[in-house]
Amino acid sequence: MTGILELRGVSQAYRLGRRSPFVTASYLQVLSNVDFAVRTGQAVGLVGESGAGKTTMTRILTGLERPQTGQVLFDGKDLWEMNAVERLEFRRNLGVVMQNPRSSLDPRMPVGSSLLEPLRSLGIDCDHVARVNEVIEQVGMASSVLGRYPHEFSGGQLQRIAIARALMTRPIVLIADEPVSALDVSIQAQVLNLLMDLVTDLNLALMLVAHDLSVVAYATSRVSVLAAGEIVETGQPLELFSRPKSKATQDLVAAVLTMEAGLAGRGLD
Amino acid sequence: MVTYLIRRLVFFFGALFAASVLIFILIRAAGGNVAAIVLGRHASANAIDALAAEYGLDRPLPVQYIDWIKGMLHGDLGRSFRTGESVADLVVSRLSISIPLALSGLILGLIIAIPAGVFAARNAGRPVGAFVGLLSQIGIAVPVFWAGILLSLLFGVYLGLLPTGGWVPWSVDPIQSIRSLVLPVISLGLILGAVMTRYVRSAILDVMNQDYVRTARACGMTESQALVQVGLRNASLPIVTVIGLQMAELIGGTVIIETVFSIPGLSRMILANVAAREVIVVQSTVMLIIVFVIFVNLMVDLLYSVLDPRTRLGQ
Amino acid sequence: MTDSAMDVRDLFVGNGDLQAVRGVSFSIPVGGRMGLVGESGSGKTLTALAMMGLLPVGWSTEGRILHDGVDLSCQSDSQLSRRRGRTISMVFQDPLTALDPVRRVGHQIISLIRRHSDAGKAEATEQAKALFRQMNLPRPAQMLRAYPHQLSGGQRQRIMIAIALACYPQLIIADEPTTALDTTVQKQVLRTLDVAVRERGTALLMITHNLPIIAAICDTVAVMYAGRIVEAGPVAEVFSKPRHPYTMGLLRSQPTMDNIALDGSSRLPSIRGTVPPLQDLAIGCAFQPRCEFATDKCRLETPKVIEGLSCWHPIVLDAEE
Amino acid sequence: MRLNVSLIIGAILTFCAISIAVVSTFWLPYNPNLPNIPNRLLAAGSAEHWLGTDVLGRDIISQLMVGARTSIVVGAGGATISLVLGAIMGLIAAASGKIVDETISRVADIMLSIPGMVTALVLAATLGSGALTTIFALTAFFTPSFTRVARSAALSVLQEDFITAAQLYGRGRMPRVARHVFPNIAGVLIVQFTLYFAAGILTEAGLSYLGVGVTRPGISWGLMLSEAQNQVGVSSPLAMWPGLSIVIVVLGLNLMGDGLRDVLDPKLSKSIL
């Protein structure tokens with residue numbers, strides 16, 4: 001099963017601003033030779049320390065940034081060789097949810113019109129109002145919220161609305177960049193369960209980026225570990241985390257505080 | 001640190017050059033022929049050409065510009081069309097009046113603004129804080145010249161304590177000079193003080209909500225100790241920037257105050273030359289003021305980098 | 001009671017008609033470690049700030065805060081300031097903004113030491129270096145001369161801990177000390193804090209929403225919801241045999257390596273509804289709108305606190321759960 | 001619902017000023033420029049001339065009304081043009097690459113270092129004084145500040161995730177700025193507009209007082225003040241009325257500006273009136 005959205009041999013480096021006239025321009029190697037794939041009906045995870053390159057990888061996958069080398073393939077076609085029509089089709093098929101719910105909705109727009117924006121922007125002719133009501137129900141919220149403004153909602157509710165917006169154009173790929181790390185503990189499970197249901201109910205391909213290993217272990221069936229710009233390991237989360245081969249994964253697993261270890265008095269060693 | 005200094009110096013000279021070009025163009029863009037402006041609409045054509053030739057106004061613009069700048073650098077600010085008097089001599093005597101007036105106005109403004117701003121910030125919730133806020137609002141709304149008129153009315157006419165206008169040169173009677181500066185400085189200081197109080201108040205309020213002030217208190221400082229030892233230094237950054245910006249405002253105020261109290265300062269001279277359409281004189285004296293303001297901005301920038309290690313050592 | 005580092009009795013914190021903390025009582029023994037768990041809006045940070053006398057403008061307290069033989073709640077700012085940093089100190093959440101950006105890091109710790117002791121400049125500097133070494137900060141001498149923006153989040157948080165422990169306080173309050181840090185750094189900072197606190201015999205109040213941190217570092221825990229403690233007790237008991245539905249919900253809904261099935265088919269039970277805003281709290285027990293076991297009694301009467309539990313229908317778990 | 005006192009008082013004062021200015025376009029108690037020597041220097045409170053007459057016997061109230069019109073027109077004119085220019089430049093600076101941003105910001109900084117009064121004087125010397133020159137001077141004086149305000153507000157909005165989201169569902173750069181950035185900085189610009197409207201009135205009065213702003217037959221409060229001072233001497237009550245009018249209108253605008261700042265911030269929108 002080929003991946004719907006893939007990175008093949010992708011590398012990225014940024015020219016560092018010259019520290020001073022005496023130092024020649026140096027390069028910061030952010031990603032080197034990364035292969036990664038998101039497949040239909042499957043949830044894939046990406047973990048790694050901050051600074052490992054997760055954000056850059058997500059920006060390249062979503063077409064916001066062009067990689068220096070390597071390809072970004074959507075349904076087999078390279079994103080950066082696509083013509084305008086194909087690119088619009090890619091945009092329609094891609095849904096993105098970001099980390100900070102408070103910042104992902106325009107405060108000046110009622111929630112309803114924020115949801116309509118993708119349909120208007122991509123010029124999708126369907127019954128917009130019906131579609132909005134359909135999707136708002138899908139994320140477990142009442143259509144009465146549509147007329148209200150973002151600052152009247154809690155973090156969890158805003159994240160659900162952001163997910164709804166990502167679903168508006170019936171995408172086949174959903175990329176969630178740290179979707180729950182800004183939420184309260186009791187709300188995290190609700191949003192994670194919603195994402196997992198969407199994968200099974202809508203046969204979506206989901207990519208979940210997180211720094212919390214247990215979130216990825218819970219919500220995804222395959223995870224890649226990114227360290228210093230390289231994918232060091234990929235596998236089934238629980239197996240990978242119980243028997244990590246690479247040093248980077250071992251460090252990540254060692255850093256996790258588990259309940260069981262804590263209660264047994266060896267939480268910090 | 002060095003790169004920061006170089007960048008600031010480059011910007012300083014860049015700004016000077018750009019401002020001089022701007023003023024040079026501004027003066028010529030409108031009237032087209034400078035000589036025509038000087039002599040007025042109904043002057044005869046050859047009178048205009050004669051004047052233009054005499055002052056080299058018929059030469060190509062870049063040449064005139066370079067000639068003007070070279071002159072400026074050597075202190076030759078050009079000659080007045082009417083009296084033929086060199087601008088430089090005119091300016092030097094006027095500066096001895098305008099600079100003390102402007103600087104003491106600024107200092108008085110600060111003496112008013114910093115305590116009032118701190119007080120208003122400390123009592124932001126309470127009515128007394130709001131009262132100071134309202135006072136500064138009213139202060140901002142009072143035009144400088146009206147403040148001058150009211151003060152001269154009160155102190156000059158009714159109480160007869162201070163001269164309400166005119167100027168006695170320093171050389172003749174310094175005390176009298178100072179006495180005739182008192183009211184102008186107070187008017188300038190009050191208005192500037194009112195404007196800066198608001199900036200000081202918001203800078204202090206902003207700093208008081210910062211985490212590091214709370215940390216300072218958690219380390220055993222009382223609220224006022226934390227404000228003075230930690231808050232003020234951090235609040236001085238926006239305040240210093242505002243002082244730099246107020247420079248341009250201050251010059252504007254000085255022009256008006258010199259007119260209200262009929263003090264023969266530099267700004268008043270510019271005004272007279274504007275009326276007399278002495279375009280070259282205006283061009284040079286205005287350039288002098290701009291050099292002063294841009295220089296002060298450079299000093300403010302350097303002071304800012306001394307106060308704030310983040311700018312000095314780079315983010 | 002002199003044998004407790006801190007004794008909070010019936011603490012209320014409010015701003016006009018908005019009550020954020022509604023009758024909280026707990027006691028931390030000398031050298032004891034208590035965790036205060038709660039989500040956003042539970043009032044845990046305001047409780048800590050009330051104990052330190054650092055409430056923002058407009059907020060006021062009722063009830064008693066007994067520490068070092070006095071009731072802090074009726075002390076003036078100057079009286080409190082003599083104790084802050086000396087007998088009671090605090091570490092805050094965001095290391096990026098907690099340190100004075102325009103001063104060298106050394107200046108802040110040295111001025112603290114000299115304020116609370118008669119140590120001279122040289123002696124204070126030596127103490128500061130020793131503290132930095134104990135916090136395993138690299139090259140303590142240079143570090144003292146560095147500015148906050150030149151240091152990493154982890155380093156800055158260790159400096160905050162050094163500052164808080166400089167005068168061997170009776171109690172240190174840590175409000176979400178590692179939330180803003182990277183996970184790998186988080187464990188190191190917690191270990192540093194744990195060792196330093198144990199060596200000094202300082203009592204610790206750890207405030208966080210992260211349950212494993214409480215399990216790793218605290219002996220007792222109090223769970224806060226909507227301004228009240230709903231359950232309190234030894235960590236081992238509360239976390240293995242929770243009696244309050246909210247505690248149970250938190251424990252079950254948080255994904256940890258232990259409660260995930262291999263094939264990924266399991267769905268963690270989540271607590272329905274949202275964290276209640278303080279303005280419109282439910283009548284009776286604040287958790288009743290989200291509680292599966294809620295009955296009319298819960299919807300009308302606010303449960304009293306009996307043996308640390310505030311619930312009309314405590315969960316009776318059979319032993320092996 | 002916290003009563004927004006400064007907004008209410010500010011709005012009332014501003015509304016009165018504007019309505020007086022409007023009324024003066026079609027009705028005036030007397031012709032403000034018609035000398036009437038016999039009634040010269042009447043004290044305030046006389047039957048026909050409530051506030052008395054000036055040295056040429058011209059009615060004070062009528063002059064004040066026309067003066068209000070001048071202030072409002074010049075102040076609003078200057079502030080509006082600078083708002084439009086500044087907002088456009090600020091948005092362009094914020095939304096485009098480093099070079100464009102750097103040049104616009106540098107030019108704004110340079111313009112800011114030239115005192116507004118000086119620009120006005122130079123313009124008066126070349127274009128000749130008058131309302132239009134004054135508006136032109138105000139624009140040159142305010143546009144750089146407006147650009148800085150608009151740019152910094154736009155930059156902070158551009159960092160928000162909903163801008164990235166819009167890019168992801170296909171919105172181009174300019175539609176993003178128009179649909180999302182501009183509405184979110186409109187509040188800041190409106191507040192800035194009221195404050196510069198007030199500053200415009202003050203500057204116009206100053207220029208007219210110096211004789212390089214509005215000149216007769218036009219009437220400006222600043223002009224009335226300088227005439228009172230020159231022809232009658234400082235002690236004359238004639239210097240009171242124009243000064244008071246300026247303070248009231250400018251105070252009204254500043255208070256309204258402050259009040260609007262709370263109202264237009266979405267999170268504080270509950271504190272309307």
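Reminder, nothing fancy here: chain letters follow the sequence lines and each chain counts from 1. What you are looking at is a predicted structure, and each value in this text was computed from that prediction instead of being measured.
The part of B:Leu307 that comes within reach of chain C is its backbone (N, CA, C, O), which places non-hydrogen atoms under 4.5 angstrom from that chain. Only the side chain of C:Leu49 comes within less than 4.5 Å of a heavy atom in chain B; its backbone stays farther off. Heavy atoms of B:Glu223 lying under 4.5 Å from chain C belong to its backbone as well as its side chain. When heavy atoms are compared at a cutoff of 4.5 Å, C:Ile163 approaches chain B solely by way of its side chain, counted from C-beta outward. Contacts between C:Arg86 and chain B at a heavy-atom distance below 4.5 Å are absent for every atom of the residue.
Across C:Gly53, C:Ser81, C:Gly85, the residue that shares the most heavy-atom pairs under 4.5 angstrom with chain B is C:Ser81. If you tally non-hydrogen atom pairs under 4.5 Å between each of B:Asp308, B:Val230, B:Leu237 and chain C, the highest count goes to B:Val230.
Checked options B:Ile204, B:Thr222, B:Val213; the residue passing with B:Leu227 is B:Ile204 (criterion: side chain to side chain contact (heavy atoms under 4.5 Å, CB included)).
Salt bridge annotation for C:Arg64-C:Asp71: absent, with no cationic side-chain nitrogen under 4.0 angstrom from a carboxylate oxygen. A salt bridge does not link C:Lys44 with C:Glu39: every distance from a Lys NZ or Arg NE/NH1/NH2 to an Asp or Glu carboxylate oxygen is 4.0 Å or more.
Between C:Val105 and C:Arg145 the shortest side-chain heavy-atom distance does not fall below 4.5 Å.
B:Asn234 and B:Gln210 are not linked by any side-chain donor-acceptor pair at a separation below 3.5 angstrom, with hydrogens and angles left out of the test.
Taken from OG1 in B:Thr254 to CG in B:Leu192, the straight-line distance is 8.0 Å, to the nearest 0.5 Å.
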